[in-house]
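A, B, ... follow the sequence lines: proteins, then strands. Residue 1 opens every chain. The figures that follow rest on heavy atoms only: side chains count, while hydrogens, waters and symmetry mates do not. Note that the structure is predicted; figures quoted are calculated from it, not measured.
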Amino acid sequence: MREALDRDAILAWLALAADRLEAEKANLSELDRPIGDGDHGVNMARGFAAVRAKLAAEQPADPAAVLKAAAMVLLSTVGGASGPLYATLLLQAAGKATGKPSLSTADWADCLAAGLAGIVQRGKAAVGDKTMVDALDPAVRALDARRDQPLAAALAASAEAAREGMAATVPLVARKGRASYLGERSAGHQDPGATSSHLLLQALAETAARS
Amino acid sequence: MREALDRDAILAWLALAADRLEAEKANLSELDRPIGDGDHGVNMARGFAAVRAKLAAEQPADPAAVLKAAAMVLLSTVGGASGPLYATLLLQAAGKATGKPSLSTADWADCLAAGLAGIVQRGKAAVGDKTMVDALDPAVRALDARRDQPLAAALAASAEAAREGMAATVPLVARKGRASYLGERSAGHQDPGATSSHLLLQALAETAARS
Amino acid sequence: MKKIINDPEALVDEAVEGLAAAHPDLVRISLCPRYIVRADAPVSGKVALLSGGGSGHEPLHGGFVGRGMLAAACPGAVFTSPTPDQMLEAGKAIHGGAGIVQIVKNYTGDVMNFDMAADLLRAEGIEVENVLVDDDVAVKDSLYTAGRRGVGLTLAVEKIGGAAAEAGMGLAEVAGLCRRVVANGRSMGVALTACTVPHAGKPSFALAEDEMELGIGIHGEPGRERVKLEPADRIAELLLGPIIEDLPFERDDRVLLFVNGMGGTPLIELYALYRKAAEIAAAHGLEVERRLVGSYVTSLEMAGASITLLRLDDEMIRLWDAPVVTPALRWGA
Amino acid sequence: MKKIINDPEALVDEAVEGLAAAHPDLVRISLCPRYIVRADAPVSGKVALLSGGGSGHEPLHGGFVGRGMLAAACPGAVFTSPTPDQMLEAGKAIHGGAGIVQIVKNYTGDVMNFDMAADLLRAEGIEVENVLVDDDVAVKDSLYTAGRRGVGLTLAVEKIGGAAAEAGMGLAEVAGLCRRVVANGRSMGVALTACTVPHAGKPSFALAEDEMELGIGIHGEPGRERVKLEPADRIAELLLGPIIEDLPFERDDRVLLFVNGMGGTPLIELYALYRKAAEIAAAHGLEVERRLVGSYVTSLEMAGASITLLRLDDEMIRLWDAPVVTPALRWGA
Ligand SMILES: Nc1ncnc2c1ncn2[C@@H]1O[C@H](COP(=O)(O)OP(=O)(O)O)[C@@H](O)[C@H]1O
Ligand SMILES: Nc1ncnc2c1ncn2[C@@H]1O[C@H](COP(=O)(O)OP(=O)(O)O)[C@@H](O)[C@H]1O
Ligand SMILES: [Mg+2]
Ligand SMILES: [Mg+2]
Ligand SMILES: [Mg+2]
Ligand SMILES: [Mg+2]
C-alpha cells in the first residue's frame, strides 16, 4: 500500500494503464462503433503504448515531469477528441504537481480537479452530456471528499465513483462529440471516453493498492 | 401440321422464340455467369423482343424479307458475341430463301446450312469448341439427312439433334468466346449460346407442328 | 470487408508514400510527423492553405495538395483527426510569410487538434486563421450537438480558397472568402453499405439488403435515419430537398452542383444520380453554373453518395475556374 | 449488391445523359443509337478515334471523350459490346475527312461488332483502321483461346493515339502508333469481390472472405486462379511478376506504371499498392517515367485492382504529356 504517489508510482500507473488499454482496445473501439467511429480503443492504446516507450527512454525527474511528458506524447499520438482532452488532463495535473517529489491524497485531488477543469474548458462538456466528464466529475468529487484519507482507499473510492458515472452514461442522449450527431439514437450505449476514464482511474487505484 | 414454312410461319416462329427467350432469360444468363459474363439471356430476350416489335410494325412480304428484317434488328439490339452471330445466321438464311413464297424441308435445310456456314466464317469456331456451333451443326446435319421428309418431323429431329449437341457441350473445354479464358475451368458447364440455339430450333419445330 | 492492405497500422504511411511516389512533380512528404506539402513549398509572399483530417477520405485532403489548392495536408490515422505536431511542422514547411489558413472540418477532434496547432504556430510567430467547414444538413446545428459536420463542401472551400491564395490575396481576405463559401454551401449524404475501418476489421454498422442510411457522415457514423432503399431518382430528391430548404437556395441562384461518391459506388451510378440532381435543381429555378461528379470526399469503400450545393458569386466562379494542379483535381494547366 | 439505380435497363442511358449534363462543354450525346462525341466534332482534317465497349467500365470509354483523346465512344449495355449501328452513326458524326481509328478491346463480341461497323463505315466511303487491344497476360494467347483480353492498357492507347490524332498525324501513322502501344504494354488484375450486373441482380461469382481471384478480366468473368487473399505487397508481386516476364520488360526500359482500381477499391489502397509496385519496378531496373493511379478501367463496384506496364519511347512520352481535356483525364489545358 502506497502512502503517496511518487515518480515511480506515476510511472507504474501509466505502464499499467498502457497494458489495460491494450487489453481493452477492441472493447473500447466496439463501444465507439455504434455511437462514434469505432476508433477510441485503437487511439488510446496507440497513445499509451507511445507514452510507455517514451518514459522508458527518458526517466523524468518527478511526478510533474512524468505527467507533462506523458501529456505531450498523447497530444502527438492519440488524435481525435480524446487525444487533446487526455493530454490537457495530464498537463493541468502536472501544473498542480509541480515541485512536489510525491503527491498526497489531497495533492492528487487538486491535480485531478485541475485536469477535469482543463477538459471542461477545452471541450465545453457538462455533466450529463455523455462524455468522459461524466466519469471524471464524480471521481473528482469523491476524491475531494476524501482529501485526508489514506491514498489507496481514496483512489479506490474515486475509481468506484468513475465506474458509476461511466455506467450512468448508458441512458444519456449525447450532447457533445460524434455521438451527438445521433440525437436520441445515442441513448442505450455506454460512452467510450467515460469508459477509458474509468479504466485510467481504476489502474491508478490498483497501482496505489500495491505495496 | 404445316407442310412448309411460309411468311406467317416464320413470323409465328420468331414470336414464339421471343416468348421462350423472355421466359428463359434468367436461366440463360445464369448459364453465362460461371463461364461468361452473365448476360446472354438478357441480350437475347432484348433482341427478340425488338424483333417482335419491328415485325408487328412492318409486315415484310415473304420469308426472306422477314428473316432479313429480323437479322438487322438483332444486329442493332443484341450486341455481344451472339448478336452478330445470330444476325449472320438469319441473314445467310434469308439469302437462300430469296424469291421463295414458302420454304420446304429441303429449302430450310439449305437456309440453316447457309446460316451455320456464316456463323463459322465470322466466329471461326469448330465443332467441339463449346459454342452455339455445337448445337447448330448436328441440327443442320439431321435436317440434311431428312430433306425429303415432312417438315414437322424433320424439324423435330433437327431440334432433337440440337438438344443433344447442347447437352454435349457440358464436358467440353471452351476454345472460343469468353469461356475460353477459363481454360480447363470451363468444363462442366453447358454453353449458353448452344442452349439458345436449341431453344430457337425447338420453337421452330413446335411452330411447324401446330396446324 | 476485404482490402488490398498490408499491416492496418501501416496503411496510411504507405498510402502517403505511394502518393509521393506517384506525383513527385506535385508533392513532397514527411512521415514523422506525417504531412504532405506542395513540391514548391514554401511559396514566399503568399498565404498558405493547410488542411487535414482523419484518413480514409481520399483524395481529400492529400490529393488536393498542389498549385492553386492546398499548400499542405496532414493525414491522421483512419477516421481520426491528425495531431497538433503534424500541423505545426507542416505549417512551418509551407509558411511563405503571409500567414496560414487552416481549413478544419467541424468534428470535435479536428477542432481541438487544429486549435492547439494554431496556438503552436502562433507561438512560432506565424499568423493563423482557422476556417470551420460545417455543411452537413443531416445534423441539426443546435446547442445539443457538436454542430453540423464538415463533408463534401470542404473540396470547394479548398479549391476556391487555394485559388485566392495563389492569386495573392491577403490572409484576412482568403479566410473571409473561405467562410463565405462555407456560409453558402450545404451537403447531405446517403450510405448503401457501411465501411470497415482497417484496424477494426468489421463494418461500422449493419444495413439490410433493402435498407439505406440517410444523412451519414464520412466516418462510418450512422446517419440521421434508416429508411428503405429507394431508386436513384428518389435518392436525389431525398438529398437535395433538405439541402435546398436549409440555406435556403432560391430561384435564379447560380450554383455549383457536386455529386460525390463515398468510395464504393461506381461512376456509372454517380452520373445517373447527377442526371436527376441537375433536373431537380433546374426545377427549383437554380442555375447550375459549375459541376463536379466523382468520388472526392470518401469514406473508405462505403457504397453511397453525397450531394453538395454551393451558391456562387462572380468571384467564386472565377476562382473555381482558376488553374489547379493537384493529384486529384486538375485543370487550366 | 445494392446500387443507386432506377430501372436497370435504363441505367446506361441515364448515366450517358448525366455525363452530358455534367460536361456540356466537353461532350455531346445521342441516345438512339447511343454514342458520346466530343463537343466540337467533327474536327475537320484530323483523324478521329472511336472506341466503345460494354458499359460498367466507367470512366472508360465515355469519360475519355474530348480534345486530345477519343472523338467518340459507343457504350453498350453493361458488359455487352455495343452494336454496329452505334459505331456507324458515331463514326459519321466525328469523321473529319482523315479517317477513323477504332480502338477495340479484344473480346469476341467487341471484335465482331466493330468489324461489322468497319464494313458499314467503309460502305459510307470512310477509311477505317481497327486496332485490337489485348494486354491481359492472365489469358494465354493461343489457338485455344479467343486471345488475350483488352484491359487497362486501353487507356494508354486512347490517350497516346488521341494525342497523335490531335497533332494531325495521318490515319496509318495513328493506327501504327496505337499498335506500337499495344505491342509494348501488358496488364494483369485481381478481384477481392465479384461485381453484380444490374439486370442480373446477383454477383457474377462468389469469393470467400479469405480468397481473391487472380487474373480477372473486367466483365466479372472469373480469373485465372483462385488463391488465398494476400497482403498488398504480395499482390503487387503477383501482378507485376507475370507482366514483366511476359513482354518481357528489361533493365533500363522506360515505363508508364499504371495502378488501376476496379471500382470498389478506395484510393488509399491503390496508393499503398502503387508504392510497392514502383519499388518492384525499380528493383527490376525499370525507369518509371510516367505514372497513373486511380479507378479508370473498372468493373462496376468490384473490389480489386490491375496493374499496367507500358514500355515508353520518346514519341509516346511526348504524346502522353500532350494536353488532354476529357471528363476523366485532364492535364495541360
Ligand atoms: N466536447 C467533449 N468534451 C469531453 N469529452 C468529449 C468531447 N467530445 C468527445 N469526448 C469524448 O471523446 C470520446 C471519443 O474519443 P475518440 O473516439 O478517441 O475520438 P473521436 O470521437 O474523434 O473518434 C467520447 O466517447 C467522449 O467521451
Ligand atoms: N467465336 C464464336 N463462334 C461461335 N459462337 C460463339 C463464339 N464466341 C462466342 N460464341 C457464343 O456466344 C455465346 C455468348 O453470347 P453472349 O453472352 O450473348 O455474348 P458475350 O460473350 O459477348 O457476352 C457463347 O455461349 C457461345 O455459344
Ligand atoms: Mg472515435
Ligand atoms: Mg455473355
Ligand atoms: Mg476518430
Ligand atoms: Mg456480354
Could you check whether atom NZ of K3(D) has more than 12 heavy atoms from other residues, nucleotides or ligands sitting under 6.0 Å from it? yes
In short, R178(B) meets Y107(D) closest at the heavy-atom pair NH1-CD2, 3.4 Å
Kindly give the heavy-atom pair with the smallest separation between A81(B) and T108(D), and that separation in Å. CB-CG2, 3.9 Å
Counting only heavy atoms closer than 4.5 Å, note whether L182(B) contacts chain D via side chain, backbone, both or neither. side chain
Residue S82(B) versus chain D: region with a heavy atom under 4.5 Å: neither
So for atom NZ, which belongs to K54(B), do other residues, nucleotides or ligands contribute more than 12 heavy atoms lying within a distance under 6.0 Å? no
Grab the two heavy atoms, one from P84(B) and one from M112(D), that are nearest each other, plus how far apart they are. CG-CB, 3.7 Å
Part of P203(D) within contact of chain B (heavy atom distance under 4.5 Å): backbone
State, with a plain yes or no, whether a side-chain heavy atom of V42(B) is found less than 4.5 Å away from one of E9(D). yes
Locate the shortest heavy-atom distance separating D39(B) from V78(D); write the atom from each residue and the value. OD2-O, 4.4 Å
Side chain to side chain contact (heavy atoms under 4.5 Å, CB included) between V197(D) and R33(B), intermediate numbers included: CA-CA 10 Å; V197(D) 176; R33(B) 195 164 294 118; over 6 Å; no
Give a yes or no on this: more than 12 heavy atoms of other residues, nucleotides or ligands lie within 6.0 Å of atom NZ of K68(B). no
Indicate the atoms forming the closest heavy-atom contact of A146(D) with S180(B), along with that distance. N-OG, 3.0 Å
Region of V173(B) that comes under 4.5 Å of a non-hydrogen atom in chain D: neither
Report which part of S76(B) has an atom under 4.5 Å of a heavy atom belonging to chain D: side chain, backbone, both, or neither. both
Please report the shortest heavy-atom distance between L75(B) and D85(D), naming the atom on each side. O-OD1, 4.4 Å
CD1/I218(D) to CG/D37(B) distance, rounded to the nearest 0.5 angstrom? 11.0 Å
